[in-house]
Amino acid sequence: MMNKAASAALPSPPPRVSTPETLAAEIIERLTYSIGKDAKVAKPHDWMTATILVVRDRIIDRWMASTRETYETSGKRVYYLSLEFLIGRLTRDAVSNLGLLEEVRTALGSLGVDFDVIAALEPDAALGNGGLGRLAACFMESMATVGVPAYGYGIRYVHGLFRQQVSDGWQVELPETWLAHGNPWEFERRESAYEIGFGGIVDTVGDASSDTQRCIWRPQERVIATAYDTPVVGWRAKRVNTLRLWTAQPIDPILLDAFNAGDHIGALKESNKAEALARVLYPADGTPAGQELRLRQEYFFSSASLQDILRRHLQQYGDLRTLPDKVAIQLNDTHPAVSVAEMMRLLIDVHRMDFDQAWDITRKVFSYTNHTLLPEALESWPVPLFEKLLPRHMQLVYAINAKILRFARLEKKYDDEKIRSVSLIDEGGDRRVRMGNLAFLGSHSTNGVSALHTDLMKQTVFADLHGLYPDRINNKTNGITPRRWLMQCNPGLFSLLRETIGDAFMDDAERLKGLDSHTGDSEFRARFAAVKHANKVRLSNLVARRMGIKVDPSAMFDVQIKRIHEYKRQLLNIIETVALYDQIRSHPERDWVPRVKFFAGKAAPSYHNAKLIIKLANDVARVINNDPSVRGLLKIVFIPNYNVSLAEVMVPAADLSEQISTAGMEASGTGNMKMALNGALTIGTLDGANVEMQDCVGAENIVIFGMTTAEVAERRANGYVPREVIEGSRELSQALTAIASGVFSQNDEDRFADLTNGIYEHDWFMVAADFDAYARAQRSVDALWLDEEAWYSRTIRNTARMGWFSSDRTIRQYAKDIWKAGP
Ligand SMILES: *Cc1c(COP(=O)(O)O)cnc(C)c1O
């Protein structure tokens, strides 16, 4: 280590100059000296890497300054723990947040390279499944923008979410290999390495009667967690934060004794086992994987992150008692909930605190975001598995539980039933550790992600916990970053907005309201419509190129893009499409609005009905798209491999955004926000954030249909008989009959039986009950579309009034109410 005087004397590198000329010169230099390629033979991929390296240098200066500033001002640091980060590509985001988009474009142009071409070569980092992971990525960008010193912590999966291919209409999953060509955005931090244990036994040492007694966990297996850091640049490069992803390495890369004895496979056993930890992302969205490897992943990244946080705090402050003043840790869902027990273990066993003090600190430091209320989606682990893998944590869970249950019984006078519901252990059937209860009880704040979801949380799954701690549950409605989801994905709209109302809306998205007064301006409307049309042409070209399907960009683009899930009701949309197909053929004389129905989304590989829904969409598309009697009035396109990059093309091209989940089941949704912000009309139920979107954009600027949450519950309670509903709706029964009779499945009547019978027999997601209301709402959308002025006045008002859904607003609320951090 160098002494202070010597290090102060070390020269800093000269600040980087960012004119097109210097950028071009540096790109050539990197190409030559970092990549080892002559410009004459460099491949597009080499240009991409060289460009990223040059951009990265600009970020590093800001990165170091941000880190230094937090250190010097003793600022509180926020740690966002998430098993998923659905990042997408980084280059355009970083360049544009640095304010260097034009300079980099010009620099590359002078070298004969097209920025858009090389930006598209960057792999799409899909270290997440859907909304929850994308939220984490939007939050990282907003924390840097708003000026919150933050670290994201997660796992550096070698294989992110699978690549989806559609073969004969069926989903096929292929491994995704985003790291195949290296990742110029990340820095390996070999020095940040921690040991993580699993299994083994707990020894008690010392005298039970004195307070010197302590527990020592002696794990049977150990692996090393090492860090990879990616810088996250805020808007106008205000701050650069760190996304720290862990990878697992064996303590003994090779067992030489075994190798020398000829056991070449056995010699690598340790190595393979360690590396399995960070190999793949579990591809189920919303349902717990329930497998041992998953619990290992959760503990692995929780423990590494907490050890890192405590080390950093001790290094700067030397005393863990000040932890709550300097550290806030947000748990994104229950996946990192084992952190509560790990923090207790580290404070008690390693740092020798007593239980009560450790518990006090733990609760002050942690806060928890809940993302789902479905009882079957709440994570829990069998006690025997938990105990085998984490014996010391099991003891601590019991100790915490005893404390809580005493409080509930004695102070809150809870009866046996309520005691059972707040317990950390589910005693019904096989005994399980409830991760939701652990996260709730180990935190000072538990938040829902939309107003409706938070209300339901208090009334349903967490009602008895809410009774114990009535001040703990609060709402933080989700948001999206307007940099990626407006400025970068929709440059045409961005320029039009900037020209019309200036660019202050990029720092304060609520300034978009300034657009409201331009709704009546026919010239502005025409320009807004022209931007939408150009975006639709761009999507049409993608569909032609990738799928060989021709669509008409002047038709209404009706878009449903999200994970395929029964509660999201892609099936409702497809059945209504079949009904519309019938109507168009029966009434060719009517003025049908030309529509293209776009679908995209992945199904969990083990989710039978979701995969069947993909097949149905593709089968219906094949028949309708090839039926000349439809005269091109209706087309269906299922675009494979939905990810952030595809969303960036589809979102700006949407005229109509489908947000049609069964009321009470979508916690928030963020896809709904992206499309409305980009000037789409929403057709949706009163679910998740749709409720607040209606409040913001106004009831006349959104098409709401169907049952409310209360009506769904009432209908269920009163004995819902879907068969009666179906028989009472001609359109619905004809559509279901067509699907069940093999019209779309080459006369195979069984293919979709699991879907159609499900609707007749139980219809858990109330597709039949909402069908007529949905079909009527769709015809009212048609009527609006035919009146161009009415249509664009409404969609412009959507863009104008969606500013509140910026994730900057969400992050400011977290920072003020939960973290007490940031400016
Ligand atoms: C925004 C987004 C989601 C979330 O969509 P919802 O409609 O809210 O479910 C999922 N996947 C990707 C790639 C996204 O960009």
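Keep in mind it's a predicted model, so treat the numbers as computed, not measured. Keep in mind that the numbers below use all heavy atoms, side chains included, and drop hydrogens, waters and symmetry copies.
Cation-pi geometry between Lys602 and Phe162 is met: the NZ or CZ atom falls under 6.0 Å from the ring centre, inside 45° of the normal.
The number of heavy atoms from other shown groups lying within 6.0 Å of CZ (Arg716) is above 12. The 12-atom threshold is exceeded at CH2 of Trp170, counting heavy atoms of other residues, nucleotides or ligands nearer than 6.0 Å.
Annotation: the span from Thr810 atom OG1 to Ile480 atom CD1 amounts to 9.5 Å, rounded to 0.5 Å. To the nearest 0.5 Å, atoms CD1 (Ile574) and CZ (Phe638) are separated by 8.5 Å. Atom CG in Leu486 sits 13.5 Å away from atom CZ in Arg484 (nearest 0.5 Å).
Side-chain atoms of Thr708 come within 3.5 Å of backbone N or O of Glu711 as a donor-acceptor pair. For the pair Ser733 (side chain) and Arg730 (backbone), a donor-acceptor distance under 3.5 Å is present. A donor-acceptor contact shorter than 3.5 Å links the side chain of Asn618 to the backbone of Ile614. Side-chain N or O atoms of Thr795 include one that pairs as donor or acceptor with a backbone N or O of Tyr792 at under 3.5 Å. Here the side chain of Tyr720 pairs a donor or acceptor atom with the backbone of Ala769 at under 3.5 angstrom. One N or O on the side chain of Asp763 and one on the backbone of Ala768 form a donor-acceptor pair closer than 3.5 Å.
Applying the side chain to side chain donor-acceptor pair (under 3.5 Å) criterion to Arg563, with sequence neighbours excluded, gives Asn129.
Considering only heavy atoms from C-beta on, Lys674 comes within 4.5 Å of Arg134 through its side chain. Counting heavy atoms from C-beta on, the side chains of Ile726 and Tyr760 come closer than 4.5 Å. The shortest distance between side-chain heavy atoms of Leu612 and His608 falls below 4.5 Å. No side-chain heavy atom of Leu616 sits under 4.5 Å from any side-chain heavy atom of Gln570. The shortest side-chain heavy-atom distance between Arg163 and Pro175 does not fall under the 4.5 Å cut-off. Between Asn370 and Asp333 there is no side-chain heavy-atom pair separated by less than 4.5 Å. Looking at Ile636 and Arg622, their side chains never come closer than 4.5 Å, going by heavy atoms from C-beta outward. Between Val620 and Lys597, the closest side-chain pair of non-hydrogen atoms is not below 4.5 Å.
Side-chain contact of Ser554 with Asp552: a donor-acceptor pair under 3.5 Å is present, judged by distance alone. Using modelled atom types, one finds a donor on one side chain and an acceptor on the other under 3.5 Å when comparing Asn475 with Thr477. For the residue pair Thr685 / Asp687, no side-chain donor-acceptor distance below 3.5 Å is found, with atom types taken as modelled. Inspection of the Gln778 and Arg595 side chains reveals an N or O donor paired with an N or O acceptor under 3.5 Å. Between the side chains of Tyr774 and Glu658, at least one donor-acceptor pair of N or O atoms lies under 3.5 Å. Asp426 and Ser380 share no side-chain donor-acceptor pair at under 3.5 Å. Counting only N and O atoms by type, the side chains of Asn641 and Gln164 include no donor and acceptor under 3.5 Å apart. Between the side chains of Ser745 and Asp619, not a single donor N or O lies within less than 3.5 Å of an accepting N or O. Looking at Asn447 and Thr369, their side chains do bring a donor and an acceptor atom within 3.5 Å of each other. Under 3.5 Å, the side chains of Glu692 and Gln694 contain no donor-acceptor pair of N or O atoms. There is a side-chain donor-acceptor pair under 3.5 Å between Asn678 and Asn490.
With Glu666 as the partner, the side-chain hydrogen bond (donor to acceptor under 3.5 Å, both in side chains) test is satisfied by one option alone out of Arg569, Lys568, His453: Lys568. Here the rule is side chain to side chain contact (heavy atoms under 4.5 Å, CB included) with Leu634, and of Ile584, Val596, Asp558 only Ile584 fits it.
Salt-bridge formation is not detected for the pair Glu700/Arg794: no Lys NZ or Arg NE/NH1/NH2 atom is positioned less than 4.0 Å from an Asp or Glu carboxylate oxygen. Under 4.0 Å is where a charged nitrogen must lie from a carboxylate oxygen, and between Arg776 and Asp772 no such pair does. The pair Lys532-Asp655 fails the salt-bridge criterion, with no side-chain N (NZ, NE, NH1 or NH2) lying under 4.0 Å from an Asp/Glu carboxylate O. Under 4.0 Å is where a charged nitrogen must lie from a carboxylate oxygen, and between Arg538 and Glu648 no such pair does.
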Next item on the list: Walk me through it: do Ser645 and Asn643 pass the test side-chain hydrogen bond (donor to acceptor under 3.5 Å, both in side chains)?
Entry: CA-CA 6 Å; Ser645 299; Asn643 59 15; 4.5 Å; no

Item checked: Step-by-step side-chain hydrogen bond (donor to acceptor under 3.5 Å, both in side chains) determination, Gln659 to Thr682 -> CA-CA 7 Å; Gln659 309 299 336; Thr682 301; over 6 Å; no

Next item on the list: Would you sort out whether Gln560 and Leu656 count as a side-chain contact (heavy atoms from CB on, under 4.5 Å), showing the intermediate values?
Entry: CA-CA 9 Å; Gln560 188 169 20; Leu656 185 67; over 6 Å; no

Note to self: Assess the residue pair Ser780 and Phe705 against the criterion (side-chain contact (heavy atoms from CB on, under 4.5 Å)); give the C-alpha distance rounded to whole Å, side-chain angles, the decisive distance to 0.1 Å, and a yes or no.
What the structure shows: CA-CA 11 Å; Ser780 78; Phe705 73 92; over 6 Å; no

Note to self: side-chain contact (heavy atoms from CB on, under 4.5 Å), that's the test. Do Lys476 and Thr454 meet it? Break it down for me.
What the structure shows: CA-CA 9 Å; Lys476 297 287 169 281; Thr454 300; over 6 Å; no

Note to self: Quick one, Thr756 with Arg751, criterion side-chain contact (heavy atoms from CB on, under 4.5 Å). Give me CA distance, side-chain angles, the key distance, then yes/no.
What the structure shows: CA-CA 10 Å; Thr756 51; Arg751 186 175 299 164; over 6 Å; no

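By the 30° and 60° cut-offs, the orientation of the rings of Phe744 relative to Tyr581 is tilted. The aromatic rings of Tyr607 and His565 sit perpendicular to each other, their planes meeting at more than 60°, with 30° as the lower class boundary.
When every heavy atom of Leu784 is checked against every heavy atom of Ala790, the shortest pair comes out as CD2-CB, 4.4 Å.
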